[in-house]
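For reference, the structure discussed in these notes is given below.
Start at 1 and go down the list; that is how both ligands and their atoms are numbered.
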Amino acid sequence: MKIVTVVGARPQFIKAAAVSRAIQAFNQRHRSKIKIHEILVHTGQHYDYLMDRVFFEELELPKPDYHLGVGSGSHAKQTAMMLERIETVLKKEKPEVVIVYGDTNSTLSGALAAAKLNIPVAHVEAGLRSYNRTMPEEINRLLTDHLSTFLFCPTAQAVKNLSKEGIKNGKTKVVKKVGDVMYDSVLYYSELAEKKSTILEDLNLLTPRSSPLTNYYLATLHRAENTDNPKRLKSILKALNEIGKDALVILPLHPRTKKMMKVYHFLPETKGIKLIDPVSYLDMLKLEKYARAILTDSGGVQKEAYWFGVPCFTLRDETEWIETVKSGWNVLVGTDGQRIVAEVKKLRKTIERTKIDYGDGKASGKIIKTIVKYCS
Ligand code: UD1
Ligand code: UDP
């Protein structure tokens, strides 16, 4: 059976790596019976070496069968170019299923191109909602879920969210809580990160006795609502610099943020913040694991903070990963500088934290098993 996988942005490479591995494992187990042929389509949404190829090399993802070279552009332009080029691939390859991940423009384009050709869409990370429709990601998630036949949910909350919109398991839709494929990846790669990554040494983050670490904060920032709003961006950078007086803030800079900092002529006082290029996945996992706390507006990083047991402060007003907040691991601190600094200073050591069910680290295998059951 033939599956087309559509990826394009950094977090999708990490998610697709887990599922590709599950496909290979399936083929090994069912050598003589069903064989899955995965065709990997890269839209080209992310293209810098550190946003793209480094993940293919490190995660041993297969080389894309098609690279669509779409690159950056306005939402409409980028999505339209992807749509057109993905359609051409799908018409040629005629897969039984198209797998899309998350909530980027590459996700929506893959889903729409497939649905229009009556090819079933499998959405990995279905059912997430921030209930903020000014976020481009929320539009992408909503539309992709409504176009999909297979809705693979990471959490029970995601299944509930879909149900509220009338998307339920039944004759026309397969809605399944499989767990989080990013958890599969964290479990698989964190040991490797421990062995291979030298990022702590490279950044001089080891204490004289090499332990305990946690003498730095880790931050990531790329959400359009933060980077494209000078007031918000300035306020966040100021807060990070303030926090950095206590312990250095490591900030691997997303290219969008770098670009907008140039546009607004923001050069943060770098005393408290160490600006670095985006890091590879293994380096990121290591940086996360030993951070005193994480400040982020990323979706994936919020959960990784939870998996490593590191307190997280989310630089947004709402999150689609609401269970991380309910459980006490994550605080929504918004973008007001004073509030961010005050919340981080509290570093809620005493708060009770409950466990979250993100599955058993085998979400990818369940996804493949389900697709094969219905499509072969
Ligand atoms: C995209 C996703 C977002 C996801 C993020 C993961 C959409 C609408 N947004 O946001 O949901 O969380 O990826 O990182 O799909 N750029 C480069 N080099 C690159 C890629 C981007 O310089 O390799 C710059 C370009 O100036 C570009 C800007 O970053 O215009 C934004 O890139 P884009 O892919 O449109 O959105 P992201 O902010 O990366
Ligand atoms: N990540 C990485 N290097 C970085 C920043 C993030 O490898 O410099 C990883 C991070 O560990 C997580 C994923 O990228 O697995 C999250 O992607 P991003 O924050 O770009 O997107 P989002 O999850 O918000 O869609």
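Near Ser298, meaning under 4.0 Å from any of its heavy atoms, are these atoms of ligand 2: 16 (C), 18 (P), 19 (O), 22 (P), 23 (O), 24 (O). Interface atoms of ligand 2 facing Met182, defined by a heavy-atom separation under 4.0 Å, are 12 (C), 15 (O). Less than 4.0 angstrom separates some heavy atom of His222 from each of these atoms of ligand 2: 18 (P), 19 (O), 21 (O), 24 (O).
Within a 6.0 Å radius of CD in Glu60, no more than 12 heavy atoms belonging to other residues, nucleotides or ligands are found.
Of the polar atoms of Gln45, at least one N or O is found under 3.5 Å from an N or O of ligand 1, judged by distance alone. For ligand 1, one of its N or O atoms has an N or O atom of His46 under 3.5 Å away. In terms of polar-atom proximity, defined here as any N/O pair under 3.5 Å, Asp103 makes no such contact with ligand 2. The N/O atoms of Met284, backbone and side chain alike, include none that comes under 3.5 Å of an N/O atom in ligand 2. The distance criterion of under 3.5 Å between nitrogen or oxygen atoms is not met by Ser106 with respect to ligand 1. Between Arg10 and ligand 2, an N or O atom pair is found at a separation short of 3.5 Å. Between Asn140 and ligand 1, no pair of N/O atoms sits closer than 3.5 Å.
Judged by the shortest distance from any of its heavy atoms, Arg223 lies inside the 4.0 Å radius around the atoms of ligand 1. The closest approach between Glu137 and ligand 2 stays at or above 4.0 Å for every heavy atom of the residue. Heavy atoms of Ile14 approach ligand 2 to within less than 4.0 angstrom.
For atom 12 (C) of ligand 2, the nearest non-hydrogen atom from the set Lys15, Glu304, Glu125, Gln12 comes from Glu304. Counting only non-hydrogen atoms, the option in Phe55, Tyr101, Tyr189 that gets closest to atom 7 (O) of ligand 2 is Phe55.
Residue-level proximity to ligand 2 for Ser185 is absent, since no heavy atom of it falls below 4.0 angstrom.
None of Thr319, Thr324, Thr296 except one satisfies the side chain to side chain donor-acceptor pair (under 3.5 Å) rule with Asn330; the exception is Thr324. Put simply, the residue from His46, Gln12, Arg10 that forms a side chain to side chain donor-acceptor pair (under 3.5 Å) with Thr104 is Gln12.
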